[in-house]
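In what follows, every heavy atom counts, from backbone to side chain, and hydrogens, waters and symmetry copies are set aside. Order of listing sets the numbers, starting from 1, for every ligand and every atom in it.
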Amino acid sequence: VCGFGQGPAQRQKIASSVPAMAAAAAPFVSMPAVSVHEASWPAGFDKISPALAALTVAALALEERLIFDTELPESLEVADCAYGRCLKAVKAIRKGELVYKGECLLSDAKAYSFRVRSASGSVKTYDVDNLNSVWDAKSAGEVRQLYGWDGFMNHSCDPNIRCPETSRTADRLFYDVFALRDIEVGDELLCDYAVFDWECDGHAIEECLCGSPKCRGSMRGFKHLTFQQKLAALPHLEEDSLMHRWVASQVDAVSYLDLAALMPQGVDVAEYGEGWELVATRDFKAGELVFRNTSTAVTDPRTTIVMGMRGKYRVADFEEHGIKREGYVEFPSFDALMNHSCDPNTAQRYLSELDYEVRAARDIRAGDRITCD
Ligand SMILES: [Zn+2]
Ligand SMILES: [Zn+2]
């Protein structure tokens, strides 16, 4: 869940029905819900979102507001871009690098303030409303994800960062932000809004201006991507609640295997090159039961199974992971990730058509890769 909901600049790509010059000339007072201490919005701010500018939300007194204290990493700056604010790199960031550890508030507050302390020690306070925040799918009621400075991040259909959720408490959400490719000094940090919002209730970008050759033309939430676009966006997906909504919506023939929920005691998934493998997390004696498993019988070859683990998602490849049976493909769930070895340390025995057990063929140590023939 990485929403970059509430930052005004994040809406900058919204197509304006107001002529650009007229919008730019609109007075700042037309945005009563937003004020800035120690800084003023760029003149073009109203061009960001004429729809928002037309709304009148009673500004709450600062004392009544939720205050969110944040720190801007040394590698980034909040900058003024063509249509408003954005985030830019002030240090080169390499592909795969952790750019920062992010967090946002989970709250039903209608307005809040975030204070940004920069590396130089200066502090700016932004008073914002929750109009552009993202509804939190995992919370009950009207809880939204209220962002700090990274709410200024803009959308691109070809993002250069991803931000998988790492943990949450009752009132905060934490996520890691990784570079998807090299980001040079002066480059804008861009995320794909479609991978953290299912429907973008009320704030879709009808005409995307991200300018990428991969631009989809609009940004209306994950639900509205084509099936192929959804598959392409999987590596960037930021929370599994989107997967659950995708499956539940039945807009595509897709099912989801949450590997964390399926993993037996004593076994875990580890990264293996670009793929995954199974490893032992405790010792097993030769002959000991490692796990029992029930395979899925896939009768419709058009079915797409997505496997997810710790914020990463992969489409199951039935050629690679399935076992052809009479009239169906046996898909062994998490066990599809077990690596082959000509000298395997486990042996498999079927108990019925789809149920089987896996036992240690020799002593297995915690940390060992689990293999089968
Ligand atoms: Zn685009
Ligand atoms: Zn072999």
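Counting only heavy atoms from C-beta outward, the side chains of Val315 and Ile305 never approach each other to under 4.5 Å. No side-chain heavy atom of Asp171 sits less than 4.5 Å from a side-chain heavy atom of Leu105.
Note on ring orientation: taking the six-membered ring where Trp is involved, the planes of Tyr350 and Tyr356 are tilted (angle from 30° to 60°).
With sequence neighbours excluded, the residues forming a side-chain hydrogen bond (donor to acceptor under 3.5 Å, both in side chains) with Asp69 are Arg115, listed by chain and number.
Taking the ring axis of Phe318 as reference, the NZ or CZ atom of Arg302 does not stay both within 45° of it and closer than 6.0 Å to the ring centre.
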Handout entry: Steps toward salt bridge (Lys or Arg N to Asp or Glu O under 4.0 Å) verdict (Asp187, Arg181)
Key = CA-CA 11 Å; Asp187 282 358; Arg181 54 177 180 267; over 6 Å; no
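Take the Zn ion (ligand 1) and draw a sphere of radius 2.8 Å; the protein N/O/S atoms inside it number 4.
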